[in-house]
Asker: 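One structure, pasted below without further comment.
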Protein chains: 2
Amino acid sequence: MTHKRSRQRELIKAFLMTRRDHPTADVVYSRVRQEMPNISLGTVYRNLTLLSELGEIQRLRLGDGTDHFDADTSPHNHFICNHCKAVIDLEMESIDSIDKVAAAGFQGEIEGHVTYFYGSCPACAEHSQIS
Amino acid sequence: MTHKRSRQRELIKAFLMTRRDHPTADVVYSRVRQEMPNISLGTVYRNLTLLSELGEIQRLRLGDGTDHFDADTSPHNHFICNHCKAVIDLEMESIDSIDKVAAAGFQGEIEGHVTYFYGSCPACAEHSQIS
DNA sequence: TCAATAATAGTAATGATTACTAATATTGAT
DNA sequence: ATCAATATTAGTAATCATTACTATTATTGA
């Protein structure tokens, strides 16, 4: 099942690469529609799924009911602001060693983990401060 | 907004306390219905939400599209089998120190994290083995 | 026993996502 | 360039988990 190119898929990928804020499918749709007014929402979903299966983008299941997408496929961790719900990349040293901690005493096999950090983002932390 | 008792809520809580497998709302519903045949699905959802807000149970958002529930509110980590999708409690030493790793160099405030481990559960790892 | 009101059953509505289908676009070969 | 094969699309309908709505019922403290 080889795949053909499509203007739609390339536009979606290109748009996602300009963003650092991990948009949802709906945000991708409304923004990409400015360039291609009758692209359909189904096309956006299908291509986001395909691109993430191909490993060209990353799907983030934050547990907030809507998936987010990230064109940065390099391994990195994410932070979600409890207040404004912003999703932010974290630059931090690897915590992959927690897999070994989990594996100790576990009969099955640990193959990986998903971690999200929560708290107040820089902007929200600033605003809540007594200055 | 004080709350009154209800047979339904107590039944839901009691059922959940007998389980170690982190059932979904639907599973709770179908099982609890054996004891109380005309309980409604909405009642199950409402009470699972209320109980987790009260801190009596824990809601697990595994990112698989359906929330799971756990009557064990003590801090512990979870493992999801990539094959059979079973959700299993992990007995492991604390990894809460990863919050400090994330906080280093981050301008906002890290208040906590959510982590899920993935891989092959004991049963599935066994079956896939060349014996 | 009673009045106040929280909780329920049953059903409708919502929101994210997927499935379906006839029409269109892309591709490699003629 | 043309063509046939087929992947992809637009548009819409369907699905699935969850929440909202409302008239009725259950719980509670007086």
Side-chain angles (χ1 to χ4, degrees), chain A residues 1-16 21-54 56-70 80 85 87 116, chain B residues 1-16 21-70 80 85 87 114 116:
Chain A
M1 201 196 296
T2 174
H3 73 277
K4 297 176 178 173
R5 303 200 160 173
S6 84
R7 297 209 315 113
Q8 289 84 344
R9 181 157 53 247
E10 277 160 15
L11 182 57
I12 289 164
K13 172 87 182 286
F15 165 66
L16 210 52
D21 65 343
H22 319 81
T24 62
D26 219 66
V27 169
V28 172
Y29 174 55
S30 64
R31 181 58 192 279
V32 146
R33 203 145 60 132
Q34 293 175 15
E35 298 242 333
M36 192 180 282
N38 55 357
I39 192 171
S40 78
L41 183 55
T43 296
V44 172
Y45 271 104
R46 189 168 9 80
N47 281 301
L48 287 172
T49 297
L50 177 57
L51 287 168
S52 65
E53 281 168 1
L54 294 174
E56 293 186 39
I57 66 172
Q58 210 186 336
R59 180 193 294 261
L60 305 180
R61 298 189 187 274
L62 308 180
D64 67 344
T66 48
D67 291 355
H68 294 247
F69 296 88
D70 188 351
I80 300 100
K85 309 302 175 192
V87 182
Y116 296 112
Chain B
M1 201 198 294
T2 173
H3 72 277
K4 298 176 179 175
R5 302 200 159 173
S6 85
R7 296 208 317 113
Q8 288 83 346
R9 181 156 54 247
E10 277 160 15
L11 182 58
I12 289 165
K13 172 87 182 285
F15 165 66
L16 210 54
D21 66 343
H22 317 82
T24 61
D26 220 65
V27 170
V28 173
Y29 174 56
S30 65
R31 182 59 192 279
V32 146
R33 203 146 60 134
Q34 294 175 13
E35 298 241 335
M36 192 181 280
N38 54 357
I39 192 172
S40 77
L41 183 56
T43 295
V44 172
Y45 271 105
R46 189 167 9 81
N47 280 300
L48 288 172
T49 297
L50 178 57
L51 287 168
S52 66
E53 282 168 1
L54 295 174
E56 292 185 39
I57 66 172
Q58 211 185 336
R59 180 193 294 262
L60 305 179
R61 299 189 187 273
L62 307 179
D64 67 346
T66 48
D67 290 356
H68 294 248
F69 296 89
D70 188 352
I80 299 100
K85 307 304 176 192
V87 182
V114 169
Y116 296 111

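FYI, side chains are in, hydrogens and waters are out, and symmetry mates aren't considered; it's all heavy atoms of this structure. In what follows, chains carry the letters A, B, and so on, assigned in the order in which the sequence lines appear, proteins first and then strands, with residues in each chain numbered from 1.
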Asker: Just the table, please: protein N/O against nucleotides 28-30 of chain D N/O, every pair under 3.5 Å.
Answerer:
from	atom 1	to	atom 2	distance (Å)
D:dT28	OP1	B:Arg5	N	3.4

Asker: Measure from the side-chain N and O atoms of B:Arg9 to the backbone N and O of B:Lys4, and report whether any donor-acceptor pair falls under 3.5 Å.
Answerer: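 Flag set: sc B:Arg9 to bb B:Lys4 pair under 3.5 Å.
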
Asker: Starting from P on C:dT17, measure out to CG on A:Leu50 and report it in whole angstrom.
Answerer: 17 Å

Asker: Once you round it to whole Å, what is the distance between C1' of C:dT17 and CG of A:Leu62?
Answerer: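 Rounding to the nearest Å, CG of A:Leu62 and C1' of C:dT17 are 16 Å apart.
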
Asker: Do B:Asn47 and B:Thr43 have side-chain heavy atoms sitting under 4.5 Å apart?
Answerer: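 Sidechains of B:Thr43 and B:Asn47: in contact.
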
Asker: Partners of B:His68 by side-chain hydrogen bond (donor to acceptor under 3.5 Å, both in side chains), sequence neighbours excluded?
Answerer: B:Asp64

Asker: Quickly work out the A:Leu11 CG to C:dA25 C1' distance and round it to whole Å.
Answerer: 16 Å

Asker: How close do A:Val28 and A:Leu16 get, heavy atom to heavy atom, and via which atoms?
Answerer: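 The answer is CG2-CD1, 4.1 Å.
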
Asker: Could you tell me how far apart A:Asn47 (CG) and C:dA25 (P) are, to the nearest whole angstrom?
Answerer: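 A:Asn47 atom CG is separated from C:dA25 atom P by 16 Å.
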
Asker: For residues A:Val87 and A:Tyr116, determine if any side-chain heavy atom of one lies less than 4.5 Å from a side-chain heavy atom of the other.
Answerer: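 Not in contact.
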
Asker: Can you name the nearest heavy-atom pair linking A:Leu41 to A:Tyr29, along with the distance?
Answerer: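 Heavy atoms of A:Leu41 and A:Tyr29 come nearest at N-CE1, 3.4 Å.
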
Asker: For every nucleotide of nucleotides 10-20 of chain D, 5' to 3': is a protein heavy atom under 4.0 Å from its base (B), only from its sugar-phosphate (S), or from neither (-)?
Answerer: BB-----SBB-

Asker: Do the non-hydrogen side-chain atoms of B:His22 and B:Leu62 ever get within less than 4.5 Å of each other?
Answerer: no

Asker: Taking side-chain contact (heavy atoms from CB on, under 4.5 Å) as the criterion, tell me which of A:Asp26, A:Val27, A:Thr49, A:Ile39 meets it with A:Val44.
Answerer: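 It is A:Ile39; the other options fail the test.
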
Asker: Specify the separation, in whole Å, of atom OH of A:Tyr29 and atom P of D:dT9.
Answerer: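 So the two atoms are 14 Å apart, to the nearest Å.
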
Asker: Report the distance from atom CG of B:Leu54 to atom C1' of C:dA6, rounded to the nearest whole Å.
Answerer: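 B:Leu54 atom CG is separated from C:dA6 atom C1' by 14 Å.
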
Asker: When you look at CD of B:Glu35, are more than 12 heavy atoms from neighbouring residues, nucleotides or ligands closer to it than 6.0 Å?
Answerer: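 Incorrect, the count does not exceed 12.
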
Asker: Run the salt bridge (Lys or Arg N to Asp or Glu O under 4.0 Å) test against B:Asp67 and tell me which residues pass, sequence neighbours left out.
Answerer: B:Arg59, B:Arg61

Asker: In degrees, rounded to 10°, what is the bend between the two ends of the helix from C:dT1-D:dA30 to C:dT30-D:dA1, using five pairs at each?
Answerer: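 Computed angle between terminal axes is 40°.
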
Asker: Tell me: CG of A:Leu48 to C1' of C:dA16, nearest whole Å?
Answerer: 13 Å

Asker: I'd like to check the side-chain hydrogen bond (donor to acceptor under 3.5 Å, both in side chains) partners of B:Glu56; sequence neighbours left out, ordered by chain and number.
Answerer: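 With sequence neighbours excluded, B:Glu56 shows a side-chain hydrogen bond (donor to acceptor under 3.5 Å, both in side chains) to B:Lys13, given in chain and number order.
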
